[in-house]
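Written out below as structure tokens is the structure these notes cover.
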2 protein chains.
Amino acid sequence: MKKITINSVASYAGVSKKTVSRVLNNEPNVSDVTREKVLKAFKELDYTPNPIARGLARNRSFIIACLYDNPSKSYITRLQSGALAACHQHGFNLLIHPCELRGQALLDNIEQLLQTSRLDGLVLTPPFSDHGELVAFLRQKKVPFARVASVKLDDDSVSVRSNDEQGAFEITELLIKLGHKDIAFIKGHPDHSATEQRFNGYRRALAQHGIEYQERLVEEGNFSYHSGADSAETILHLNPRPTAVFASNDYMAAAVLKAATQMNLKVPDDIAIAGFDNAPIARHIWPGLTTIAQPVEEMTRLAVEHLIEQINQGDNGDEEQQKEPLQITLEAKLICRESTAAPKS
Amino acid sequence: MKKITINSVASYAGVSKKTVSRVLNNEPNVSDVTREKVLKAFKELDYTPNPIARGLARNRSFIIACLYDNPSKSYITRLQSGALAACHQHGFNLLIHPCELRGQALLDNIEQLLQTSRLDGLVLTPPFSDHGELVAFLRQKKVPFARVASVKLDDDSVSVRSNDEQGAFEITELLIKLGHKDIAFIKGHPDHSATEQRFNGYRRALAQHGIEYQERLVEEGNFSYHSGADSAETILHLNPRPTAVFASNDYMAAAVLKAATQMNLKVPDDIAIAGFDNAPIARHIWPGLTTIAQPVEEMTRLAVEHLIEQINQGDNGDEEQQKEPLQITLEAKLICRESTAAPKS
DNA sequence: TCCTCATCTGACACCGGTGTCATAATGTTG
DNA sequence: CAACATTATGACACCGGTGTCAGATGAGGA
């Protein structure tokens, strides 16, 4: 079995390899008969262009990387699956780049990644989506990038998010409408912009329903199960104990649930619990967690889609055909399960 | 900022680009002074070779792909993280390729992957590790590959596994020693070779302790939470009800736990539950699951390590310097949590 | 001293595509 | 029908490295 190159195709079709290249890239100025001949040759020889050679000639790698640092495995795989979908559709490959670094070390690490992989672009996911230095660095290096779940909108890069503030508002409002007044809140990791968003939604719901905000009911977490367990320890021993807990993600909520169960508190009767993200664990535990579902795959897919568009257009020397700042916001959806109910009293 | 190519380095160091190339690749026949000059140029110009050009010239992509189809997100991320570690260390990039296809469609899909990505090699993870047709296909195409958690050892490819049979044996034995005699078992997905292994371990433990195997206590699952819930439904309504359930993975075990709790059965007093894999959920639920921990990252890391070795040596025309079939088995470890105890009786 | 052999080095083709430009073929206009 | 614009095509250099091979250099032996 011989290797089929553009030269084989060219001689088989009786044209020059440049003409074959034209057909490959849908360039204009190819007559219909010639195009047909070439396409026929493609079919009959079962030709696939070599992406490496292509990449060399056009200084492209057809690779984009997805940068993340998230404790939730399910979130990561959902990100990946959305990104992959968009990549495959456009003939790109996806590189995954988990990264725990911060500060200068992060920039160095990314610089090295760019150097060695010759990426065409980068997808930033939380907490990197709103990492000011990183964004500035990439812009300066003129590396195309798109951001997932970012909040700040200070530039011309693409950003796809879901409405965390609104989601948090709705779930808090649900608790309020069930009759809860003392609703504890566990914050997420301070590096993630979602943390502030969710907190804002919580406070807006309280305010809107005339419930006073109580600082004593708010704990600092970091999205990890462990931090949820620590916060639960504090919250569940408050006196008076709140009748509901809203944790900024499902892992922390699950930790609260476990702690409550260990203390022989009945959920939701003794204490209602709500989470955020609709992670698998939310329905794997008993009682199932009331939570907010975000379209993570879709967010990432859209982000990558726009990233690729940006890459491809930057390719035509059309020099900075400035697109207006693009921010897309998708809907988050409230999912009610068994962990929430009216307070007992 | 100019682009630094091998030509820049060559003229800066006052040598030919071929000599620079020699230094890059640690080829022999470069005098020490020359080598020093070139290395100095590398430093001062901050040169990084272009992997794409390299790939074109050597017909290599420095990319390997990880093939998987697994319902457990945490398993997937662990696989990835082990694979990434090995890749980075050797200057390779990792492509992830989730794939749900089977039969001819699978082979077509892989063929296309090979065509379009020009991979250097493939890591097969369950359930593909023991997929006979796929393995044969890859061997025929002479695509280097390594297998993770495979059982069959019928060829010369590398395979890294952990001892599932032994793990299942130990956990079953634990239940037996606690006093359980009626121990239900939930099988995994039939495509995964681990399924049979774990079942074998279960039976061996029963046999070794003189407990009769009861077919009525065995349910077919497929590793998904949902299948665990279905099996639990059946098992928990058996009469007489078994005093323990050993599920082939933690998701199914979690489903049993949830079902038992909903039925107001106390775990572990009314029914003991054991899982397998030590997935995060095993410690996120209450009571925590007794389970078996496998070194998934390490397994994948080793597999990729050997794969890269194989790729690099196939590169020197040393033509099939046959290495003996290599199978590495790592230890699985029993982890006791609260979900197992002696039967109440 | 001359020849041989091993070591070092560079010229040049090549990997498989794409960009530039010149030229041939065709169409349009006055 | 001449003069020019437009479309179609191929020759050739180029992307940034590596492989081949021939030539230069220096050490060791006759």
Side-chain angles (χ1 to χ4, degrees), chain A residues 2-39 41-42 45-62 91 115-118 120 312 314-318, chain B residues 2-39 41-42 45-62 91 115-118 120 312 314-318:
Chain A
K2 264 192 65 216
K3 244 190 309 187
I4 307 296
T5 74
I6 198 171
N7 292 299
S8 336
V9 177
S11 63
Y12 185 92
V15 298
S16 75
K17 64 184 207 170
K18 178 62 208 182
T19 300
V20 176
S21 167
R22 287 197 178 92
V23 174
L24 264 180
N25 296 285
N26 284 314
E27 287 177 30
N29 299 339
V30 180
S31 72
D32 288 346
V33 275
T34 308
R35 185 178 304 273
E36 283 312 316
K37 272 194 302 189
V38 175
L39 289 175
F42 284 171
L45 297 179
D46 196 20
Y47 168 71
T48 321
N50 183 328
I52 309 216
R54 256 181 156 183
L56 179 58
R58 306 183 36 176
N59 198 23
R60 302 264 255 93
S61 61
F62 298 97
Q115 286 273 325
T116 57
S117 305
R118 309 278 158 147
D120 288 342
N312 285 336
D315 213 31
N316 320 337
D318 290 0
Chain B
K2 263 194 68 218
K3 245 190 306 190
I4 306 297
T5 74
I6 197 171
N7 291 298
S8 336
V9 178
S11 63
Y12 185 93
V15 300
S16 75
K17 62 184 208 170
K18 178 61 207 183
T19 299
V20 177
S21 168
R22 286 199 178 90
V23 175
L24 264 180
N25 296 287
N26 284 313
E27 287 176 30
N29 298 338
V30 180
S31 72
D32 289 347
V33 274
T34 310
R35 186 178 302 274
E36 283 312 316
K37 273 194 299 187
V38 175
L39 289 175
F42 285 171
L45 297 178
D46 195 21
Y47 168 71
T48 322
N50 182 330
I52 308 216
R54 255 182 156 181
L56 179 58
R58 305 181 43 174
N59 199 23
R60 303 266 252 93
S61 62
F62 298 96
Q115 286 274 325
T116 58
S117 305
R118 311 277 159 147
D120 288 341
N312 286 337
D315 213 31
N316 320 337
D318 290 359

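In what follows, every chain begins at residue 1, and chains take the letters A, B, ... in the order their sequences are listed. Below, all heavy atoms of this structure are taken into account, side chains as well, without hydrogens, waters or symmetry copies.
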Choose from D:dG19, C:dG19, C:dC8 the nucleotide whose nearest atom is closest to any side-chain atom of A:R58.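 Selected nucleotide: C:dG19.
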B:T5, nearest nucleotide to its side chain (from D:dG17, D:dG19, D:dT18):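 So the side chain of B:T5 is nearest to D:dG17.
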Can you tell me whether the side chain of B:K17 and the base of C:dG10 have a donor-acceptor pair closer than 3.5 Å?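 Answer is no: no donor-acceptor pair is held.
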Is any side-chain N or O of A:K18 under 3.5 Å from a base N or O of C:dG19, one able to act as donor and the other as acceptor? yes
If the cut-off is 4.0 Å, is [X] near the phosphate of [N], judged by side-chain N/O to OP1 or OP2?
X     : N      : answer
A:S21 : C:dG17 : no
A:T19 : D:dG10 : yes
B:N29 : C:dC8  : yes
B:S16 : C:dG10 : yes
A:T34 : D:dA8  : no
B:N7  : D:dG17 : no

Under 4.0 Å, heavy atoms only, any strand: does A:P51 hit a base, just the sugar-phosphate, or nothing? nothing
Answer with base, sugar-phosphate or nothing: what part of the nucleic acid does B:V20 contact at a heavy-atom distance below 4.0 Å? nothing
Quick one: [X] [atom1] to [N] [atom2], roughly how many Å, whole number?
X      : N      : atom1 : atom2 : value
A:I6   : C:dT18 : CD1   : C1'   : 8 Å
A:I52  : D:dG16 : CD1   : C1'   : 13 Å
B:Q115 : C:dG16 : CD    : P     : 13 Å
A:E36  : D:dT9  : CD    : C1'   : 17 Å
A:L56  : C:dG17 : CG    : C1'   : 8 Å
B:N59  : D:dT18 : CG    : P     : 14 Å
B:Y47  : D:dG17 : OH    : P     : 3 Å
A:L24  : C:dG19 : CG    : C1'   : 15 Å

For the student: nearest non-hydrogen atoms of [X] and [Y], plus distance:
X      : Y     : answer
A:L45  : A:V9  : CD1-CA, 3.8 Å
B:R118 : A:P51 : CG-CD, 3.8 Å
A:R22  : A:N29 : CD-O, 4.3 Å

Mind checking the CG-CG spacing from A:N50 to A:L56? Nearest 0.5 Å is all I need.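 With rounding to 0.5 Å, CG (A:N50) is 10.0 Å from CG (A:L56).
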Value rounded to 0.5 Å, distance of OH in A:Y47 from CG in A:L24: 5.0 Å
Assign each of B:T48 and B:R22 the nucleotide of DNA chain D bearing its closest heavy atom; nearer the 5' end lies the nucleotide of B:T48
Quick check: does any side chain N or O of B:N25 sit under 3.5 Å from a backbone N or O of B:E27, one acting as donor and the other as acceptor?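 Checking the backbone N and O of B:E27 against the side chain of B:N25, no donor-acceptor pair under 3.5 Å is found.
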B:S31 or B:R118, whichever maps to the more 5' nucleotide of DNA chain C: B:S31
